[in-house]
Amino acid sequence: MNDNPVILAFCCHYCAYAAADLAGSMRLQYPANVRVLKLPCTGKVEVNYILAAFERGADGVFIAGCLEGGCHYLEGNLRARRRVERAKKILQEIGLEPERLEMYNLSSAEGPRFAQIATEMTERIAALPPSPLRPDRATVEKNVQEMAAAAQAAVAGDNR
Ligand code: FES
């Protein structure tokens, strides 16, 4: 059990991030454990980016991109799904539960679905022990801030 997991959500600016925003506007509650990082496209998420999130203390990670066929960069979300599958295999090889990682597709209009995904991921990760890689809470918070800043820089440069 992990009562207070740290979960990072790498969200595409065009869909999942907008859906998270919509969830907020609709005053839908979802767990504060989920930290939303905005990216220009999920195609930006490399395998080593996912692994770095775990290395820096995330207990769980999900990637949320546009619906299949709806990526603004054509195949970014398909690449992201393949990378998530690869990263899951690596997690297993190093002894971390692959269910700590998931890929979702949704549209910008799906605020309630975003809230549901965030809740489901939180429940899933809370049922697992804390990540053995997790440093102390202050370090995790600092790392999350750094990753958010890096994601923000990527959005600003849109250098998917
Ligand atoms: Fe949304 Fe590519 S633009 S996943």
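No hydrogens, no waters, no symmetry mates; every other heavy atom, side chains included, goes into these values. Whatever order the structure lists ligands and atoms in, that order sets their numbers, starting from 1.
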(request) Identify the two heavy atoms, one from Ala118 and one from Tyr30, that lie closest to each other, and give their separation to 0.1 Å. (result) CB-CD1, 3.7 Å
(message) Under 4.5 Å between side-chain heavy atoms, counting indirect links through other Ile/Leu/Val/Met/Phe/Trp/Tyr residues: same cluster for Leu101 and Val36 or not?
(response) no
(request) To the nearest 10 degrees, could you say what angle atom 2 (Fe) of ligand 1 makes with SG of Cys41 and SG of Cys71? (result) 100°
(request) For the atoms SG of Cys12 and SG of Cys66, give the angle they form at atom 1 (Fe) of ligand 1, rounded to 10 degrees. (result) 110°
(request) With heavy atoms of Tyr14 as the reference, note each atom of ligand 1 found under 4.0 Å away. (result) 3 (S)
(request) Considering the heavy atoms of Thr42, write down every atom of ligand 1 situated less than 4.0 Å from one of them. (result) 4 (S)
Which donor-acceptor pairs under 3.5 Å do side chains of residues 2-9 form with protein atoms, sequence neighbours excluded?
| from | atom 1 | to | atom 2 | distance (Å) |
| --- | --- | --- | --- | --- |
| Asn2 | OD1 | Asn4 | N | 3.3 |
| Asn2 | ND2 | Asp59 | OD1 | 3.4 |
| Asn2 | ND2 | Asp59 | OD2 | 3.3 |
| Asn4 | OD1 | Asn33 | ND2 | 3.1 |

(message) Just so I know, are the side chains of Arg100 and Arg124 near enough to count as touching, which here means a heavy-atom distance under 4.5 Å?
(response) no
